[in-house]
Amino acid sequence: MTNQRISLFIIAHNEERHIAKCILSAKNLVSEVIVVDAFSTDKTALICRDLGAQVFTRAFDGFTNQKNFALSKVSCGWALNLDADETLSPDLAEEIARVTKNTSFDGFDIPFYNYFLGKKMRFSGLNKEKHLRLVRTEKAAYEGGLVHEGLVVRGPVGRLTNHINHYSYDSIETYFRKFNNYTSLAAGHLHAQGKRFSLISTLVRLPFEFAKRYLLKLGVLDGVRGLMWASFSTFYVLVKYMKLWQLEQEDKK
């Protein structure tokens with residue numbers, strides 16, 4: 001394993017609309033591209049192979065396990081993780097190439113620009129988002145459950161200046177296609193942890209969730225998109241706990 005070469009790794013499922021743009025944004029930076037595909041029924045795997053990626057097929061059993069499997073396939077000293085709907089800006093690619101040549105850090109947080117329905121969100125709690133996405137491979141692993149996976153690195157972490165572009169949802173339909181899966185995973189994770197549904201707690205939580213995103217985090221300044229983001233995020237919380245309630249009812253049968 002060489003220290004300065006960089007691998008890009010991605011987990012994917014039915015991402016034919018986005019994944020080419022993702023891979024191409026890092027193509028001149030990385031020495032290899034690893035894609036773990038969860039049995040996509042579209043052209044995801046074909047597109048990745050055409051772009052030179054190594055594609056591994058694996059049934060999805062949670063984000064933590066899926067990403068750890070992808071990380072295990074990396075052969076370079078540095079590993080960069082992107083989701084299929086994310087891209088590197090040219091400035092970020094140049095910055096990564098520069099810092100990995102000589103650094104005492106074992107990982108780097110990278111700030112995000114989040115796009116919702118085709119427009120960058122300037123507020124709504126999305127403007128200060130950052131994630132650990134670039135790590136020394138041998139010092140990194142994912143921890144967490146089905147939904148809330150976290151990349152952990154054994155060593156000091158720095159922060160880069162330039163941004164990853166995250167094109168999270170290009171339509172309301174896309175949002176709710178993912179919404180059903182994510183709320184089910186989140187409810188399953190709570191259930192596995194022994195968390196219990198509380199009607200009073202849920203009723204108290206919902207207005208706070210909306211106010212937090214729309215008022216405290218200035219979603220109101222993102223216009224209609226800010227209103228939708230706050231509303232949809234609040235509905236996400238409601239559905240997650242309703243699904244937890246449903247799991248509890250099934251336990252009683």
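A donor-acceptor contact under 3.5 angstrom links the side chains of His131 and Glu129, judged on distance only. In summary, the side chains of Arg205 and Thr202 do not present any donor paired with an acceptor at a separation below 3.5 Å, with no hydrogens or angles considered. Between the side chains of Thr234 and Ser231, no donor N or O sits under 3.5 Å from an acceptor N or O. Counting only N and O atoms by type, the side chains of Ser124 and Asp222 include a donor and acceptor under 3.5 Å apart.
Taking a 4.5 Å side-chain heavy-atom cut-off between Ile, Leu, Val, Met, Phe, Trp and Tyr, the cluster of Phe123 extends to Phe210, Tyr214, Leu215, Leu218, Val220, Leu221, Leu227. Cluster partners of Ile200 are Val204, counting Ile, Leu, Val, Met, Phe, Trp and Tyr whose side-chain heavy atoms approach within less than 4.5 Å, directly or via other members. Other residues sharing the hydrophobic cluster of Tyr167, ordered by chain and number and joined by side-chain separations under 4.5 Å: Tyr113, Tyr115.
Considering every non-hydrogen atom in both Trp78 and Phe105, the closest pair reads CH2-O, 3.5 Å. In terms of heavy-atom proximity, Phe112 sits nearest to Lys130 at CD1-CA, 4.4 Å. The two residues Asn162 and Ile110 have their closest heavy-atom pair at O-CG2, 3.7 Å. Taking all atoms of both residues into account, the shortest heavy-atom contact from Gly144 to Thr64 is C-OG1, 3.4 Å. Here the closest non-hydrogen pair linking Leu24 and Leu51 is CD2-CD2, 3.9 Å. Here the shortest heavy-atom pairing between Arg154 and Glu138 reads NH2-O, 2.7 Å.
Environment of CG in Asn102: sparse, with no more than 12 heavy atoms of neighbouring residues, nucleotides or ligands closer than 6.0 Å. By the 6.0 Å contact criterion, NZ on Lys178 is enclosed, its count of non-hydrogen atoms from other residues, nucleotides or ligands being greater than 12.
Rounding to the nearest 0.5 Å places CZ of Arg17 at 14.0 Å from NZ of Lys43. Here the straight-line distance linking atom CD1 of Ile164 with atom SG of Cys22 works out to 9.0 Å at 0.5 Å rounding. A distance of 12.0 Å separates CG of Leu247 from CZ of Phe197, quoted to the nearest 0.5 Å. Here Leu203 contributes atom CG and Phe208 contributes atom CZ; the two are 15.5 Å apart, rounded to the nearest 0.5 Å.
Checked against salt bridge (charged side-chain N to carboxylate O under 4.0 Å, His left out), Arg225 has no partners two or more places apart in sequence or in another chain. Remark: Pro90 pairs with no residue by the side chain to side chain contact (heavy atoms under 4.5 Å, CB included) rule, at least two apart or across chains. Scored by the side chain to side chain contact (heavy atoms under 4.5 Å, CB included) test, Glu94 finds Asp91 as partners (sequence neighbours excluded). For Arg58, the salt bridge (charged side-chain N to carboxylate O under 4.0 Å, His left out) partners two or more places apart in sequence, or in a different chain, are Asp61. Legend: residues meeting salt bridge (charged side-chain N to carboxylate O under 4.0 Å, His left out) with Lys27, ordered by chain and number and at least two apart, are absent. Residues passing the salt bridge (charged side-chain N to carboxylate O under 4.0 Å, His left out) test with Lys243: none are found, sequence neighbours excluded. With sequence neighbours excluded, the residues that form a side chain to side chain contact (heavy atoms under 4.5 Å, CB included) with Asn181 are Leu185. The side chain to side chain contact (heavy atoms under 4.5 Å, CB included) test applied to Cys48 returns Ile19, Ile23, Val35, Thr44, Ala53, Val55, not counting sequence neighbours.
A salt bridge links Lys212 with Glu209: the distance from a Lys NZ or Arg NE/NH1/NH2 to an Asp or Glu carboxylate oxygen falls below 4.0 Å. Ion pair Arg133/Glu86 flagged as a salt bridge, since at least one NZ, NE, NH1 or NH2 atom sits closer than 4.0 Å to an Asp/Glu carboxylate oxygen. A salt bridge is absent between Arg159 and Asp109; no separation between the charged side-chain nitrogens and carboxylate oxygens falls under 4.0 Å. Contact check on Lys67 versus Asp83 returns a salt bridge, with a Lys/Arg side-chain nitrogen under 4.0 Å from an Asp/Glu carboxylate oxygen. Salt bridge status for Lys21 with Asp85: absent, with no side-chain N to carboxylate O gap under 4.0 Å.
Phe179 and Phe176 have tilted rings, their planes meeting at an angle from 30° to 60° on a 0 to 90° scale. The aromatic rings of Tyr175 and Phe232 lie tilted to each other, with the angle between the two planes from 30° to 60°.
Within the structure, no pair that satisfies the ring-ring contact (aromatic ring centres under 6.0 Å, His included) test touches residues 9-56, not counting sequence neighbours.
Counting only distance, with no hydrogens or angles, the side chain of Ser40 and the backbone of Asn14 share a donor-acceptor pair below 3.5 Å.
Hydrophobic clustering (ILVMFWY, side-chain heavy atoms < 4.5 Å, transitive): Val224 and Phe235 are in one cluster.
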